[in-house]
Number of protein chains: 2
Amino acid sequence: MASGVATNRVVADGPPAGDPRAAAGSKAAYPQPTTARPAPRDHTARAAEIIDTARALLEEIGPRGLTMRKLADALGMRAPSLYKHLPSRSALEVALVEHGLDEIGGALHGALAKSTADPIGALLDTYRSAGLANPQLYRLVTASSFPRGQILDGLEAWAGEPFFLATGDSHLAQALWSFAHGTLILELDGRFLGGSDLDRTWQAGAKAFKAACDASNPGGVTSPASD
Amino acid sequence: MASGVATNRVVADGPPAGDPRAAAGSKAAYPQPTTARPAPRDHTARAAEIIDTARALLEEIGPRGLTMRKLADALGMRAPSLYKHLPSRSALEVALVEHGLDEIGGALHGALAKSTADPIGALLDTYRSAGLANPQLYRLVTASSFPRGQILDGLEAWAGEPFFLATGDSHLAQALWSFAHGTLILELDGRFLGGSDLDRTWQAGAKAFKAACDASNPGGVTSPASD
DNA sequence: CAACGTGGCTAACATTGTTAGCCACGCCGC
DNA sequence: GCGGCGTGGCTAACAATGTTAGCCACGTTG
């Protein structure tokens, strides 16, 4: 029970059965998005202000340092007053995570919309950039202990959809996402050897998955191993 | 400073330069281990008892639930008495993590020693099994917030070495490790879609990396894509 | 002008890790 | 035998955490 029951997941098993666009895309040769982008949750103006401040503070001092009293301090008020605008610290985290998922999902969908030549490479680059730009937020979004059940319905699925769109296969999509997340979190946590050239680590994975994608999807759009 | 300065890392950049065994292995065609297994840290008998209890409790109630008072309760004593045997809760976590790294590293090295036919497949299977057998310990070992600098010198490098041994290339090794960690932590956290067949997700990644390994190491030992 | 919702405050509580200080017990040297 | 002392337990207490209760000033609205 420690990690709760997760009802929302990233990387759907593919588009709903029988969707015509998935096979008959007009312009791009890979499937078109079929998941709707969930509308962001409504917050009071003051609540939004608090969440913004929390986000800035989060990047400064990390998830553990982000305490209700410090957050209140940064806003020129006392901790209990925060509860006039947010029900709990956990709700604040949910808001931050939803922010993060919306941003990262937007970036991934955007990357796929632009680059049709090398979707997997574009996806990985975008994923990595998004994480490096907001490391603490990325850590929070992917924290094991997070109460994932409270996140906006469909948000995680929408944010993860690009991995399916880029590979055309749900298991390859999950494997690619796993690689991206694993590499990013290990990079953020400084777990690779000091002198390592991480660009090449990402490239090694990208190359492997591009090849696997070509193999599972002959005549598809992913460019032949380009390295 | 939130995540500390990591001085020990997993997956070394390869064996020390000039090591003869790396190129001229006698029996197996892939490199032999060159990193020494660090001796476990010494603990008092009572300290070891505490650590064992902590480990059992960890799997029951998770890292966040594992509090000094609950641990003391489980041992029939009071929280402050724990400090007669361990300097801090953080030191306890370090001990648990070292336990975990030693076990997982042992399993990985063992797997490579047995199976020379499909080292990458064996490695991934072993990694996954080890994590699924002790999910909370795995979470702790790979937690972002962990003070990694205090871990026994060389332990992480030794535990990660098999990834290099199996691939023969440091960047491919890091990418493979990233995939393994990413997939495992996402599986443990229940972040894949409910109905997903995770065996196939692992297989998809394994296949991609085996092919990449063959490509970067022609005539090597990894078996040709066997699905 | 009275009523009331909004949004701040202080005081306080439980839980966490942790420290200080006390004491019972068993072993060692005389 | 016995005094001293280290070992390992205890209670009391502190600071920091999330959170609740209860108070009050202010602006809007009937």
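To find a chain, count down the sequence lines: A is the first, B the second, and so on, and within it residues start at 1.
Counting any heavy atom pair closer than 4.0 Å across all strands shown, Arg46(A) reaches sugar-phosphate atoms only and no base atom. Counting any heavy atom pair closer than 4.0 Å across all strands shown, Thr67(A) reaches sugar-phosphate atoms only and no base atom.
In this structure, Leu155(B) CG and Leu101(B) CG are separated by 4.5 Å, a value rounded to the nearest 0.5 Å. Of the inter-residue distances, the one linking Asp169(A) atom CG with Gln174(A) atom CD reads 9.0 Å to the nearest 0.5 angstrom.
Rounded to whole angstrom, the span from the CG atom of Asp73(A) across to the C1' atom of dC9(C) amounts to 14 Å. To the nearest angstrom, P of dT15(C) lies 17 Å from CZ of Arg89(B). Summarising the geometry, the separation between CG on Leu82(B) and C1' on dG8(D) is reported as 11 Å, rounded to the nearest angstrom. Distance, Leu66(B) CG to dT16(C) P: 11 Å, rounded to whole Å. In this entry the distance linking CZ of Arg69(B) with C1' of dC10(D) reads 14 Å, nearest Å. Taking atom CE on Met68(A) and atom C1' on dT16(C), their separation rounds to 17 Å, with Å as the unit. Atoms OH (Tyr83(B)) and P (dA20(C)) sit 13 Å apart, rounded to a whole Å. Atom CZ of Arg64(B) and atom P of dT15(C) are 15 Å apart (whole Å).
Checked by atom type, the side-chain pair Trp158(B)/His109(B) shows a donor-acceptor distance below 3.5 Å.
Checking the phosphate oxygens (OP1, OP2) of dG9(D), a side-chain nitrogen or oxygen of His85(B) falls inside 4.0 Å. Side-chain N/O atoms of Ser81(B) include one lying less than 4.0 angstrom from OP1 or OP2 on dC10(D). Residue Arg78(B) places at least one side-chain N or O under 4.0 Å from the OP1 or OP2 atom of dT11(D).
Partner of Arg55(A) under the salt bridge (Lys or Arg N to Asp or Glu O under 4.0 Å) criterion, chosen from Glu103(A), Glu60(A), Glu49(A): Glu103(A).
Taking the six-membered ring for Trp and the full ring otherwise, the centers of Trp177(B) and Phe164(B) sit at least 6.0 Å from each other.
Both Gly65(A) and Lys84(A) sit near DNA chain D, but only Gly65(A) has its closest nucleotide nearer the 5' end.
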